[in-house]
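Data block below; observations after.
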Amino acid sequence: MAEKITLSDLNKTLTEMNVQSLEGLKIEGDVEIEIDAGAGGVGPLFAYYFGQEAAKIAMQLMNFAKAVGYPVENLLQPVAIASAIAPAPKDLAAAAAAVPAFKMASALASAKFTVGVDKTWRNTIQEVTLGATKADGGSRGHVVKLGGEKAMPFFPDASMPHAPKITMDVFDMPIGMAKAVKMHYEDVINSPGEWAKKAVKKFGADMVTVHLISTDPLLKDTSAQDAVKTVEEVLQAVDVPICIGGSGNPNKDPIVLSKAAEVAAGERVLIASANLNMDWEKIGKACVDNGHVCLAWTQLEINSQKELNRKLMKVAGVPRESIVMDPTTAALAYGLDFAYSNMERIRLGALKGDEELTFPMSSGTTNAWGVRESWMVRSPNKDDSDWGDRMLRGPIWEILTGYSLAMAGVDIFMMMHPTAVAYVHEITQSLMGRIEAKTPDTAAWLKMGV
Amino acid sequence: MKETSPLNLYKQLPQTNCKKCKEETCMAFAAGLIARTRKVEECTPLVDEKKYAKKLETLKSIVAPELRMVYIGVGEKQVKVGGEDVMFRHQMTFFNKPPFAYDVADNMDEAKLIERVKKISTWRKFYIGKWQGVEMIAVRSVSDDPAKFAACVKTVMANSDFPLILCSFNPAVLKAGLEVAAKVRPLIYAANKDNWKEVAQLAFDYKVPVTLSVPFDLDALKSMAVTFAGMGLTDLVLDPGTAPNGKLLQQTLLNFINLRRAAVEEAQRDIAYPVMVLPINAWLTTDDPVRASYWESVLTAAFVIRGGAIMIKHSLDAHSMMPDMHLRFNIYTDPRTPVQVKPGIYKVGNPGAESPVFLTTNFALTYYTVESDIASNGIDAYIIAINTDGIGVQASVAGGQLSPTKILDSFNEAAFKWEDQKFPAMVLPGMAAKFSGELEDLFAGKAKIMVGPEDSGRIIGWMKDYWPPKK
């Protein structure tokens, strides 16, 4: 060890090192200065309490002391420094004392991460088959299966037996559409058959939904007899399973949908939909009589959903394997939080044992196009930042509306924009681990160009 | 907090019913703690009086969130990250929406850097009575040069007061950034298996929160978290890896679900830290900017819903920022509070005798949308918000919560004086047009019934064409 020096020697040396002043620094008598070199010096603690300048000087002092052989065995105690550097107010000294001494770990600990599964999930969601092939008395090329889940979607507890499916909308008369959607259908807007073909062949739809909106008394008031010709046209144009929708008129839909159910007998279509505000029994029975699946539609209310499901089963006699629920899709920014939590509660309730809720769910994702942010050219609010290109804004609005609800438990999406269909398909497939792709170095973003 | 009974919290309160917290009783205050509407610190006797020190300590540990909360930044822009108690939002609510940190890089030229910082800091959109915006800036070191990084951080700080994330795996670079920014308490990104000692030292020296980055290995991530906690470093953010595609993307989601579950359902405190998401990684999968920004939004959505606590993002395109902001807003809306406004007559601007009366429902989203469309276009008008139990126009017309008689009753309750109006007329939302006939009968001689646009964004155009009404 080096020899001891006196304080006057120290001061002299500091002066030689061109240290002009050590204001606020008092060293009296025998001061023991302990330094832990392993902790990387004590400078920052000074910086924290006394500012950088004082700390720099103090660091010099420490280094000097170390160089000339001052004892450096142990940790430098914060309180000692605090009172050594300045006659610190009591609370400061106390604060310094409260800072625990920092001790660098010599190696990483070795821990195991484990986590359980949710043991309260004991029900399986009903599996529902849509479409019927020749073998089953229909004419579809293949069937679509929904449901069968034992856990929340994409959770580790149990894998999903079937990927979420997408059925694309076809209308039986031209309707108003957002510009970004319309451009994809202008050539087929007057021909539901061609429209259905385009949805399946070009856009990869798993199914199509033919909406008989022309039957609305406020639109064309087409008779059920005439309207169902469109159903026949679509059944002949494509061989995917189909869904048949009405106009939403509670008085006319039961008539139209019953007729449609007859025309499509044996094809196991999804009839959309039965609702508590209409003659749901007529629709339910039409499904039973013709071997179809009934879509039970309620408006964002879990108890109404239970009531309707119960009535369809008990009163109309619809079997469990022939019910799909539509708990209503309020789109992104237009109440998605209600739709999301309603569906998540329904699915959790089902998994935990509520037999009145153990059915696959459907989402009218096309509702995203009712949100102004999806279609308006620019913001009506002058103080908003620029809304950008609506042709790009619309599809992503539909993607996020659908995809969010996939996370809540939706099994089948009614959608409109081909880009949105492709993305919802891709992300749901990805989260099921079905898409092979080379994952880039996930730290590469740090050095990515802007 | 797992506790659900106010009684068990009451035991730790002074039980004096002193009313200093403005509650009638200590039990009411305890109920507020359960509902998370009150904070322990609001019981001033408990905090100030020495004799309660032990109770205070106990109470604080009971009400602490299951998932640790970390503060980043200082002052009013400070963000809270983590602090969650539930797995699914309807079980209570999600509390702290994940801040979006948009990136800048230290190899940008100064003008471009400043432009990007300003764009990040000033971006905003009005939604349900509030401005949505960005919370943070992530500064990336592309140069790996401490001096360049420090200069970049300095420029960012000169042009924005947003909390920062300093991003580099090089401790010398991080140190240079901290020399400039430590006083505003940035988050540093990140400690990894190679640099963890140096980065731990920095986190201690500069008293800043630190990210632990251990991609796709939760055992190793937990090991590092335990190590840091053992050194007294508990302001931690975890980066378990964000894979933008392939099977590792599935693994990413599973990791997030498992981490959240361990924290809030199994009370595994040694891994219960906020988790970082890197939607920016979408940009590593494609050269097509539309594809990249769409995919970035998709990744954002996945982890806004399933446990992401803080996100580093890249796309400043409106078509990416708008949906992401809205989704986050929707998911983090407190489901316990009805999003309604008080029914009645509201004034926008300075309405007088020549102003129209627009009708809408008391669903907050609907009301604020109409209000902002009227206000931002400088229109003076009245709005009557009809009590539809917080249901929007289209749904309440279909569901019967909005009806002609309800409208009549609402005007009567509000005691609106039609006789003071030069053009007594109410403007119906386009989606309620079918009520106009019946309303004409109900309001005969009192007010004219006009049908407005289906979307209130078109009120400005409607005013030009139809207001004041022709005789």
Side-chain angles (χ1 to χ4, degrees), chain A residues 40 44 48 100 102-105 108-113 115-116 154-156 299 332-337 341 344-345 372-373 376 380-389 392-393 396-397 399-400 403-404 407 423 427 430-433 435-440 442 444-448 450, chain B residues 88-90 105 108 123-126 140 142 167 197 201 204-205 215 218-219 222-224 226-227 230-232 241-243 245-250 253-254 257-258 261-262 266 278 280-281 283-284 290 294 297-298 301 305 317-319 322-323 326-327 330 333 335 372-373 376 399 455 457:
Chain A
Y48 197 62
F102 184 65
K103 197 144 197 173
M104 178 62 64
L108 285 173
S110 177
K112 283 262 170 252
F113 177 82
V115 68
F154 317 113
F155 266 56
Q299 284 171 305
L332 178 60
Y334 274 24
L336 178 79
D337 39 334
S341 279
E344 196 166 67
R345 287 178 64 205
R372 58 160 62 177
E373 280 84 352
M376 258 188 199
N381 189 320
K382 287 180 178 156
D383 298 323
D384 272 0
S385 293
D386 186 61
W387 278 20
D389 182 356
L392 295 174
R393 228 191 296 127
I396 188 73
W397 222 266
I399 294 168
L400 288 206
Y403 171 52
S404 305
M407 304 284 271
Y423 272 82
I427 183 64
S430 294
L431 293 181
M432 294 178 76
I435 293 187
E436 297 282 351
K438 193 176 162 355
T439 299
T442 54
W445 64 275
L446 267 171
K447 306 247 168 162
M448 182 177 90
V450 179
Chain B
F88 303 102
R89 65 185 287 275
H90 66 267
M108 295 174 81
W123 191 92
R124 64 179 193 167
K125 179 174 186 303
F126 195 76
R140 297 187 282 123
V142 177
C167 309
K197 281 193 179 180
Q201 188 68 54
F204 175 77
D205 290 347
L218 295 185
D219 289 343
K222 182 175 172 181
S223 301
M224 198 179 285
V226 167
T227 307
M231 293 186 280
T242 303
N245 61 359
K247 293 199 168 176
L248 269 182
L249 172 53
Q250 181 191 27
L253 180 66
L254 294 178
I257 291 170
N258 280 330
R261 191 175 253 175
E266 298 189 0
L278 301 167
I280 190 173
N281 278 348
W283 292 80
L284 302 174
V290 173
Y294 269 34
S297 284
V298 167
I305 292 172
D317 288 320
H319 64 256
M322 286 171 61
H326 284 87
L327 182 75
N330 285 166
T333 293
S372 96
D373 290 341
S376 80
D455 190 297

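Chain letters run A, B, ... following the sequence lines, proteins first, then strands; residues in each count from 1.
- With a 4.5 angstrom heavy-atom cutoff, A:W397 touches chain B only via side-chain atoms.
- With a 4.5 angstrom heavy-atom cutoff, B:M108 touches chain A only via side-chain atoms.
- B:S297 and A:I396 get closest at one heavy-atom pair: CB-CD1, 3.8 Å.
- The minimum heavy-atom distance between A:L332 and B:H326, with the atom names listed, is CD1-C, 3.8 Å.
- When all heavy atoms of B:V226 and A:A111 are compared, the closest pair comes out as CG2-CB, 4.4 Å.
- For B:L284, the parts lying near chain A are the backbone and the side chain together; criterion is any non-hydrogen pair under 4.5 Å.
- Across all their heavy atoms, A:P156 and B:R261 have their closest contact at CG-NH1, 4.2 Å.
- Ranking A:R345, A:R372, A:M407, A:K112 against chain B, the residue ahead of the rest is A:R372, based on heavy-atom pairs under 4.5 Å.
- In this structure, the portions of B:P323 lying under 4.5 Å from any heavy atom of chain A include both its backbone and its side chain.
- For A:R393, there are no side-chain hydrogen bond (donor to acceptor under 3.5 Å, both in side chains) partners at least two apart in sequence or on another chain.
- The minimum heavy-atom distance linking B:S223 with A:A109 is given by the pair CB-O, 3.0 Å.
- Interface check for chain A: of the options B:V290, B:T333, B:L254, B:D455, the most heavy-atom pairs under 4.5 Å are formed by B:D455.
- Most heavy-atom pairs under 4.5 Å with chain B: of the set A:Y334, A:F113, A:F154, this distinction falls to A:F113.
- B:E266 places a side-chain N or O within donor-acceptor distance of the main-chain N or O of A:G116, the cut-off being under 3.5 Å.
- Heavy-atom pairs under 4.5 Å with chain B peak, among A:S341, A:S110, A:G335, at A:S341.
- Residue B:L327 touches chain A through both its backbone and its side chain, counting heavy-atom pairs closer than 4.5 Å.
- Neither the backbone nor the side chain of B:D317 comes within contact range of chain A; no heavy atom of the residue lies under 4.5 Å from a heavy atom of that chain.
- Rounded to the nearest 0.5 Å, atoms CG (B:N281) and CE (A:M448) are 8.0 Å apart.
- For A:D383, the parts lying near chain B are the backbone and the side chain together; criterion is any non-hydrogen pair under 4.5 Å.
- Chain A forms the most heavy-atom pairs under 4.5 Å with one residue out of B:F88, B:W123, B:Y294, and that residue is B:Y294.
- With a threshold of 4.5 angstrom between heavy atoms, A:I399 approaches chain B through side-chain atoms but not through N, CA, C or O.
- In terms of heavy-atom pairs under 4.5 angstrom with chain B, the leader among A:D389, A:I435, A:I427, A:D337 is A:D337.
- Only the backbone of B:T242 comes within contact range of chain A, with heavy atoms under 4.5 Å apart.
- Considering CE of B:M231 and CE of A:M104, their distance stands at 5.5 Å, rounded to 0.5 Å.
- When the shell of 6.0 Å around NZ of B:K247 is examined, it contains 12 or fewer heavy atoms from other residues, nucleotides or ligands.
- In this structure, chain B has a heavy atom under 4.5 Å from the side chain of A:M376, while its backbone stays farther away.
- In this structure B:K222 satisfies the side-chain hydrogen bond (donor to acceptor under 3.5 Å, both in side chains) test with no other residue, sequence neighbours excluded.
- Looking at every heavy atom in both residues, A:L336 comes nearest to B:N330 through CB-OD1, 3.4 Å.
- Under the 3.5 Å distance criterion, the side-chain polar atoms of A:T439 are left unmatched by any main-chain donor or acceptor of B:L249.
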